[in-house]
Amino acid sequence: MEIIRIPKVMQDTVGGLLIRGRTIGFVPTMGALHEGHLSLVRRSREENEKTVVSIFVNPLQFGPSEDFARYPRDIEGDVEKLEAERVDILFMPEASLMYPVGFSTRVEVGTISETMCGACRPGHFAGVATVVAKLFHIVKPTRAYFGQKDFQQAVVIRRMVKDLNMDVEIVVCPTVREKDGLAMSSRNMYLSGEQRPAAAVLFRSLKGTAESLASGIIQIGEVRHVLRQKILSEPAVSSVDYAGAYDPETLEELAEPKGEILLACAVWIGSTRLIDNILINIKKER
Ligand code: AMP
């Protein structure tokens, strides 16, 4: 696996691959890699001739009181995992090369960035869209792979790609979970021994609410309350940023049932913020 740290070198290297007509699959990450990330890498390897993974903890997408400084980093372990997956190129730029002095451009994706996580983390999705736009220009992928776990992020990226005529196919892959249903996340490392089993409450509550909705026990307008109560029944939960039923395209909270429904939540367990979601189709589930 080739490790590249300089954006211009990365651009020149993919330039050479593209001249030779190679398809390039790209998996952007913030490192501390787990099976969720590796599922995207495997999908990329299946569908493209070359696979590029980036590891970059993007300062632009963290708020001033968020966990940028303590975000888990494990470069040695990550390199080992990516070597084992036979990744072609690891792009690992320094922040000073991504955001040199004077950097002042932002990619802002409208209303879909303002609900759900966007409402709780102002500026977060502008940080995400800006870095992903830069990475797309540097890596020039044929396809880029994102996880459903970060559903809103995938919607924002799709919108950006469409709005700015970016020539890249966005592929969204299923959420990989631990045995008890907890969505894999680098942030799960923050959880203490007692908090870790409690964190399964997110998925359990999403599933329970989906079942009640599908069987007609609750109506769509009750989802917000029911999901929140289920999550708060776990004593380790400190607070719920949001929990509800959303339109998977517009991300607006749903007042009326629709074909596909996104059930999503963001929850604090101590000082760790976790997110999860499931997509349901009430007609199919019935
Ligand atoms: P991150 O390193 O957290 O920025 O995540 C990098 C990519 O991996 C994003 O597209 C995430 O949605 C995806 N990802 C993270 N966790 C999972 C998971 N449990 N299952 C599938 N994809 C994931």
Side-chain angles (χ1 to χ4, degrees), residues 25-47 51-63 66-68 70-75 77-79 81-82 85 87 90-93 95 98 116-117 121 124-136 139 141 143-161 168-191 196 199-200 202-203 206 248 251 262 264-267 272-279:
F26 176 44
V27 182
T29 81
M30 298 205 296
L33 302 178
H34 49 68
E35 279 297 312
H37 298 113
L38 299 182
S39 72
L40 309 186
V41 170
R42 288 174 198 137
R43 178 87 179 263
S44 170
R45 292 244 319 136
E46 276 166 32
E47 296 180 353
T51 288
V52 178
V53 174
S54 66
I55 296 180
F56 181 60
V57 184
N58 173 33
L60 221 57
Q61 72 189 66
F62 288 80
E66 292 184 359
D67 57 343
F68 174 70
R70 68 174 189 130
Y71 193 82
R73 288 162 172 89
D74 176 22
I75 290 305
D78 290 349
V79 168
K81 286 172 192 157
L82 296 176
E85 296 297 333
V87 163
L90 168 59
F91 178 51
M92 226 166 34
M98 290 294 274
M116 299 170 61
C117 285
R121 304 182 68 187
H124 170 67
F125 287 112
V128 169
T130 303
V131 79
V132 172
K134 281 177 68 77
L135 289 168
F136 283 179
V139 177
R143 300 182 187 86
Y145 295 81
F146 293 86
Q148 190 195 311
K149 199 211 116 203
D150 300 275
F151 193 95
Q152 187 172 15
Q153 170 171 283
V155 173
V156 167
I157 299 301
R158 268 195 207 287
R159 185 78 249 169
M160 172 186 80
V161 163
V168 49
E169 183 187 328
I170 303 301
V171 182
V172 179
C173 304
T175 302
V176 177
R177 299 180 179 281
E178 302 285 358
K179 281 202 182 70
D180 63 358
L182 174 65
M184 288 192 184
S185 163
S186 307
R187 289 192 168 97
N188 293 350
M189 283 184 206
Y190 298 149
L191 299 170
R196 167 59 194 84
L202 278 78
F203 186 58
L206 290 165
L251 303 184
L262 175 70
C265 60
V267 173
T272 305
R273 185 177 184 274
L274 300 176
I275 58 171
D276 202 355
N277 69 80
I278 56 174
L279 262 183

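What you are looking at is a predicted structure, and each value in this text was computed from that prediction instead of being measured. Order of listing sets the numbers, starting from 1, for every ligand and every atom in it.
When the options V27, T51, L38, V53 are evaluated for a side-chain contact (heavy atoms from CB on, under 4.5 Å) with E85, the one that passes is L38.
At a heavy-atom cutoff of 4.0 Å, ligand 1 is surrounded by P28, T29, M30, H34, G36, H37, L40, Y71, F146, G147, K149, D150, Q153, P174, T175, V176, M184.
Using a 4.0 Å cut-off between charged side-chain N and carboxylate O, E35 and R42 make a salt bridge.
In terms of heavy atoms, L40 sits closest to F146 at CD2-O, 3.7 Å.
In this structure R177 satisfies the side chain to side chain donor-acceptor pair (under 3.5 Å) test together with D276, sequence neighbours excluded.
Two residues are said to be in side-chain contact when any heavy atoms from C-beta on lie closer than 4.5 Å; Y190 and P72 meet this criterion. Two residues are said to be in side-chain contact when any heavy atoms from C-beta on lie closer than 4.5 Å; V172 and R158 meet this criterion.
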